[in-house]
K.L.:
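After the structure tokens below, expect a handful of questions from me.
Since the structure is predicted, the reported quantities are computational estimates derived from the model, not experimental observations.
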Amino acid sequence: SFRLFLTSMPAPYFPVAVLQAGAKLTNEPPQGLRANVRRSMSVFTKEELESIEDEEKSQVWRRLQFSLKFFHAIIQERRKFGP
């Protein structure tokens, strides 16, 4: 007894029966820049954000985390307008 996690786009060479027999899950990114950044930042607890002892390194780490999550949110939003 096992589970198979599979991702697939509809294609003529892929058996339709496999897609029809399986459970379908979707994970849509939140709409809007603010919602996307909030969802990304909600993974961290306050203790994790303040876990670095050195205050200067802690501040740099928090800024880096926010910058990466903000960049990711922008890419997710811009994806709607591309091919």
K.L.:
I'd like to know whether S58 forms a side-chain hydrogen bond (donor to acceptor under 3.5 Å, both in side chains) with R62, so could you lay out the CA-CA distance, the side-chain angles of the two residues, the decisive distance to 0.1 Å, and finally the verdict.
P.N.:
CA-CA 6 Å; S58 175; R62 286 193 307 255; 2.9 Å; yes
K.L.:
Mark yes when over 12 heavy atoms from residues, nucleotides or ligands other than F71 sit less than 6.0 Å from its CZ; otherwise mark no.
P.N.:
no
K.L.:
Return the OG to CH2 distance between S51 and W61, rounded to the nearest 0.5 Å.
P.N.:
6.0 Å
K.L.:
Tell me whether E48 at atom CD has more than 12 heavy atoms from other residues, nucleotides or ligands lying less than 6.0 Å away.
P.N.:
yes
K.L.:
Less than 4.5 Å apart, side chain to side chain, heavy atoms only: is that true for F44 and K69?
P.N.:
yes
K.L.:
Between I75 and R79, is any pair of side-chain heavy atoms under 4.5 Å apart?
P.N.:
no
K.L.:
Of all heavy-atom pairs between N36 and P30, which one has the smallest distance, and what is that distance?
P.N.:
CA-CG, 3.8 Å
K.L.:
How close do Q31 and E77 get, heavy atom to heavy atom, and via which atoms?
P.N.:
C-OE2, 4.2 Å
K.L.:
In terms of side-chain heavy atoms, does S67 have a donor or acceptor partner in R63 at a distance below 3.5 Å?
P.N.:
no
K.L.:
Is there a path of hydrophobic side-chain contacts, each under 4.5 Å between heavy atoms of I, L, V, M, F, W or Y residues, that connects V60 with L68?
P.N.:
no
